[in-house]
Amino acid sequence: MSFPPNIKRKFWGKLFDSPIMLASGTAGFGEELLNLNCLAGVGAVVSKAVSLKPRAGNPPPRLLETPYGLLNSIGLANPGVHHVLNHILPETSNLPCPLLINVAGESVEEFADVVSILESSNVHMGYEINVSCPNVADGGAAFGVDPEVVLRVAMGVSRVTARPFSVKLTPNGGDMVLSAKAAVEGGASAITVCNTFLGMHMDWRTGKSIIKRKVAGYTSPALLPLVVAKVWQVSNAVSVPVISSGGVSHGEDVLQLLAAGAQMVQVGTRLMRRPFAGAELMDEMKKLTGE
Amino acid sequence: MLSCAVPLDYDCLVTRREEVLPGVVKIFFQCEGIAATALPGQFVQIEPSPGTFPVTRRPITINSLTDDGFELLFDVIGRGTELMAVMSPGDTVRVLGPLGHGWMTDPGSKWLLIGGGLGAAGFQFLKDSVDTAAILIGASCSDRVIPLDASFVVTEDGSTGSRGLVTSLISEEHLSNADSIAVCGPVAMMEAVWKTIPEKHRHKVQISTESRMGCGWGVCDGCSIPISDGGYKKCCKEGPVFPGTDIDWKRWKEAGL
């Protein structure tokens, strides 16, 4: 690797002008952002999670802003894989950048089931396998902390698709390096580091959490050093590319993650404040590196 | 439903700031794009301050349009609105809008507006756009009655108008005279209004909702409002205004939003 890192990246055999991916859950399937003209500077979009059956999602409130970040408890709300395949994916065929579909499952088998149904679409480049959601009771992060389960999920997905897929890991418990190695052994073509950190807001007057599921996923610009460390650890341990996720609000943050070993860098919560973050981050990076 | 203009992210100049009631601020923004495209009941996502924090914007209903922009009227209820309240003339503020689906207005429709406290912010724009039969306002006290030229005002402590709740102002005459009924205020007030309105008039009712919001344009699924079929709709995109029959009051109250 050369330093400062190149902004242009090679990933999954394709050249990307931008290392920036929009993180799952913050960009829909890309079509809303296309309507807003927000995809300038974006290398790829990762869809919201798709599950076999429709999921209504968690009861509100689903968001709680804290002084320096955001707690979310969305609960993988999505209309289910069949609706996504028949009604949403056709709308994404004019996205100006590749689409990765984020896949959630309630059992080891369900990940491969969802992927095999999505195989009849040709609009997406690959998948991100979500073994790490902190906001669901059935499965979610429990899969990602056990390397044995991660291996079986990845092997199941490998069997039903020739498309590349990344496995998105959790920072909450387990050894991320062991889970990453298991994912690669199972056929993963990248590792996404990482899903949200478990967080909670306690109402000290009542002793209750405002979020109905009590704990939630926490994102914040302040997580940057934690994600940089995990990206550095995982990218030194596996042979496949690492996609970072978390902590990005400025171009310098993206460069730092690339220098730590990320091949691509996801941005999520920043879009809530700056829907045109892709273009803004690219401008900031180009100014810093002169590329 | 009226078709909505594509929202844009504008740098808006603050031209005026007024404290209309204690802790309630009205800020005027110059923005010809929003003035030309916004519809009553729509909102904007505003950056409360420069820099990185807070990490989300604040969704605020457009109170009314001006010749070259729009005005927001809001209550200081937390850190975001506290930051917004000190915006002053000459500041430039990033504003995304107009967003969401506002009041469903049919030409020629006569409106009854029912507002609770600061929930009536936004009624000015509706009132300027439609034929209004009557405006009924309830508030806790005179410090919470926003200037609106209401037909009838009641307060819980009797400091403006007679003492009482807004539901006491709702009469069969008001309901029969209206083709459309706009309701906006705290959830408990809106539910009380809904229950006061007899079944035969409920199809006319539109409810303006609010929620803790992430993106504001329909992608993050954070601002869900429980609806009567057991599911959810997005406050930011399918709302913020919904037909009253859509709302699942019990689940919405449980959310404690």
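These figures come from a predicted structure and were not determined experimentally. Below, chain A is the first sequence line, B the second, and so on; all start at residue 1.
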Quick check on B/Arg57 against chain A: is it the side chain, the backbone, both or neither that has a heavy atom closer than 4.5 Å? both
Mind checking which of residues 33-43 of chain A sit less than 4.5 Å from chain B, heavy atom to heavy atom? A/Leu33, A/Asn35, A/Leu36
Okay, B/Tyr232 and chain A: the region with an atom under 4.5 Å from a heavy atom over there is side chain
With rounding to the nearest 0.5 angstrom, report the CD to SG distance, B/Glu156 to B/Cys141. 8.5 Å
With chain B, the option among A/Pro275, A/Ala77, A/Gly268 that has the most non-hydrogen atom pairs under 4.5 Å is A/Pro275
With only heavy atoms counted, which part of A/Phe29 is less than 4.5 Å from chain B, the side chain, the backbone, both or neither? neither
Begin from the C-alpha positions of A/Lys48 and A/Asn102 and carry the test side chain to side chain contact (heavy atoms under 4.5 Å, CB included) through to its verdict. CA-CA 6 Å; A/Lys48 64 157 55 192; A/Asn102 184 287; over 6 Å; no
So which part of A/Thr269 gets closer than 4.5 Å to some heavy atom of chain B, the side chain, the backbone, both or neither? both
So which of B/Gly216, B/Gly231, B/Gly214 has the largest heavy-atom pair count under 4.5 angstrom toward chain A? B/Gly214
Tell me if a side-chain donor or acceptor on A/Asp283 pairs with a main-chain N or O of A/Glu280 at a distance below 3.5 Å. no
Heavy-atom pair count under 4.5 Å with chain A, highest-scoring of B/Pro7, B/Gly218, B/Pro54, B/Gly230: B/Pro54
Taking atom types as modelled and ignoring hydrogens, do the side chains of A/Arg62 and B/Ser224 form a donor-acceptor contact shorter than 3.5 angstrom? yes
Do the side-chain N and O atoms of A/Ser51 and A/Asn78 include a donor-acceptor pair separated by under 3.5 angstrom? yes
Among side-chain atoms of A/Asn195 and A/Asn130, is any donor-acceptor pair under 3.5 angstrom? yes
Which atoms of B/Arg251 come close to chain A, meaning under 4.5 Å heavy atom to heavy atom: side chain ones, backbone ones, both, or neither? neither
Interface residue of largest heavy-atom contact number with chain A, from B/Thr52, B/Leu96, B/Val55, under 4.5 Å: B/Val55
Can the ring centres of B/Phe70 and B/Phe29 be said to be less than 6.0 Å apart? yes
Where does the angle between the aromatic ring planes of A/His83 and A/His87 fall among parallel (under 30°), tilted (30 to 60°) and perpendicular (over 60°)? tilted
Which residue out of A/Glu31, A/His250, A/Arg274 racks up the most heavy-atom pairs below 4.5 Å with chain B? A/Arg274
Rounded to the nearest 0.5 Å, how far does OG1 of B/Thr56 lie from CD of B/Gln45? 7.0 Å
Can a side-chain donor-acceptor contact be found between A/Glu128 and A/Ser166 if the only test is distance below 3.5 angstrom? no
Under a 3.5 Å threshold, yes or no: a donor from one side chain and an acceptor from the other, between A/Ser73 and A/Asn58? yes
